[in-house]
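Comments concern the structure below.
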Protein chains: 2
Amino acid sequence: MENVRELFQIMTRRFGFLNKNCCSAGGCDISLVQSHILYEIDRQHQPSIQQVAEALGTDITTFSRQIQSLIKMNLVKKSPDPNDRRVFVLSLTTEGKYVATTIDQQCNAYLAEIFSHMNDFEKETVIRSIKLLNEAMSKSSLCCSTPIG
Amino acid sequence: MENVRELFQIMTRRFGFLNKNCCSAGGCDISLVQSHILYEIDRQHQPSIQQVAEALGTDITTFSRQIQSLIKMNLVKKSPDPNDRRVFVLSLTTEGKYVATTIDQQCNAYLAEIFSHMNDFEKETVIRSIKLLNEAMSKSSLCCSTPIG
DNA sequence: CGATTTATTTGCAAAATGCAAGTATTAGAG
DNA sequence: CTCTAATACTTGCATTTTGCAAATAAATCG
């Protein structure tokens, strides 16, 4: 039996490089961490600071400062939650949305290039496999959620 | 057509959490970055500092210092290359090998737990898919290798 | 031999990290 | 309703990580 971790390790490392290669949009260079934050704010519906920090597994105090940077860069907006005045709700500015969308398109273009080395059947199999994997990982919350420490 | 990047993003994030949850072995806590370094030194045959840094996409000067830390922790050994005295060759100490092996087993145990939510056919399909993906990614060196900047 | 390239290290300054402690607000017990 | 505990977020440090520029040392090439 082959080493399964090896396969995952190499794949995720490569996808990490892909992500890192997609960290600019129209003259705006951002860090990989910032790219992940924009992605997650875009994905969720008006998430709180806490929610995004937890989704990304980042310490809340570090995350608070990262949001401050992104606000200063005019990519993210922070609005008070009318239902709970302790909470701030995050959203992308027009510019932030543009950056996130451009990065997303670039990533998808790279992925399309990767899949161009497969036939349609292989491509569909791979995509279905990743969905299966995501479902299985969400079932074993034990290991694939944010670390305790 | 679904968003392929989304699938990858979530999967790699979760595998990142899995990795982060496997960063200790017998009372020895290490960082995620250090775990990746031990993994890569173990994987390659007597790699040079340069080779590991490039494989991981880390700046060489940062990497040099990370190796210094690991040597201080007695996990890594640095030996001069007899063929080229500019080069230092890296290997794991007995303790480093133990830590790397323990982490590897822990990761594989978590992965086995994930796969336990699938039947054998699905599992084989997923593993074959990841192999396909790795092959395709290595063909499109354009996007999945270490960033230029 | 002398100039250039390559492998690695150090100086420094900036950025990221995380714990402890603080503020502000809400929820819950009595 | 009031007082306490919990929650969401921010700030003060101090440590760690990062990466560019420059230094060192050794190999290569003309």
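Below, read A as the first sequence line, B as the second, and so on, with proteins coming before strands; counting in each chain starts at 1.
If you measure from atom CG of A:Asn83 to atom C1' of C:dT25, you get 14 Å, rounded to the nearest angstrom. Taking atom CD of B:Gln50 as the reference point, atom P of C:dT9 lies 11 Å away to the nearest angstrom. To the nearest angstrom, P of D:dA25 lies 12 Å from CZ of B:Phe88. As a whole-Å value, the separation of B:Glu54 CD from C:dA7 C1' is 12 Å. Following rounding to the nearest Å, B:Ile60 (CD1) and C:dT9 (C1') show an atom-to-atom distance of 10 Å. Here the C1' atom of nucleotide C:dT10 and the CZ atom of B:Phe63 are 17 Å apart, to the nearest Å. Distance B:Ile67 CD1 to C:dT8 P: 10 Å, rounded to the nearest Å. Atoms CG (B:Asp81) and P (D:dA25) sit 19 Å apart, rounded to a whole Å.
Checked for salt-bridge contact, A:Glu40 and B:Arg13 meet the test: a charged N lies under 4.0 Å from a carboxylate O.
Closest to the side chain of A:Asp84, out of D:dA8, C:dT26, C:dT9, is C:dT26. For B:Arg65, taking side-chain heavy atoms from C-beta onward, the closest of the listed nucleotides C:dG18, C:dC12, D:dC9 is C:dC12. Closest to the side chain of B:Ser64, out of D:dC9, C:dT10, C:dC19, is C:dT10. When each of D:dA8, C:dT26, C:dT8 is scored by its nearest atom to the side-chain atoms of A:Arg85, the top-ranked nucleotide is C:dT26.
Between B:Ser48 and A:Asp59, the residue whose closest nucleotide on DNA chain C is further toward the 5' end is B:Ser48. Heavy-atom nearest nucleotides on DNA chain D were determined for B:Ser31 and for B:Pro82, and the one closer to the 5' end corresponds to B:Ser31.
Between the side chain of B:Arg86 and the base of C:dT8, no donor-acceptor pair of N or O atoms lies under 3.5 Å. Contact of A:Thr61 with D:dC9 (side chain to base): no donor-acceptor pair of N or O atoms is detected under 3.5 Å.
Follow the hydrophobic side-chain contacts under 4.5 Å out from B:Ile10 and you never reach B:Met137; the two are in separate clusters.
Proximity of A:Cys144 to B:Ile114: side-chain heavy atoms (C-beta onward) are separated by under 4.5 Å at one or more points. At a threshold of 4.5 Å between non-hydrogen side-chain atoms, the residues A:Phe88 and A:Ser48 do not count as touching. Side-chain atoms of B:Arg14 and A:Leu133, non-hydrogen and from C-beta on, never get closer than 4.5 Å to each other. Between A:His117 and B:Glu135 the shortest side-chain heavy-atom distance does not fall below 4.5 Å.
Axis angle, first five pairs versus last five pairs of the helix from C:dC1-D:dG30 to C:dG30-D:dC1: 20°, rounded to 10°.
An OP1 or OP2 oxygen of C:dT17 is reached within less than 4.0 angstrom by a side-chain nitrogen or oxygen of A:Gln66. OP1 or OP2 of D:dT11 sits under 4.0 Å from a side-chain N or O of A:Gln68. OP1 and OP2 of C:dA16 both lie 4.0 Å or more from every side-chain N or O belonging to A:Thr62. B:Lys78 has a side-chain polar atom (N or O) that falls below the 4.0 Å cut-off from OP1 or OP2 of C:dT9.
Legend: salt bridge (charged side-chain N to carboxylate O under 4.0 Å, His left out) pairs involving residues 91-105 of chain A, not counting sequence neighbours, sorted by first then second residue: A:Asp42-A:Lys97, A:Asp104-B:Arg5. Contacts classified as salt bridge (charged side-chain N to carboxylate O under 4.0 Å, His left out) and involving residues 66-84 of chain A (residues at least two apart or in different chains) are given here: A:Asp84-A:Arg86.
Across all strands shown, A:Thr58 has no heavy atoms under 4.0 Å from either base or sugar-phosphate atoms.
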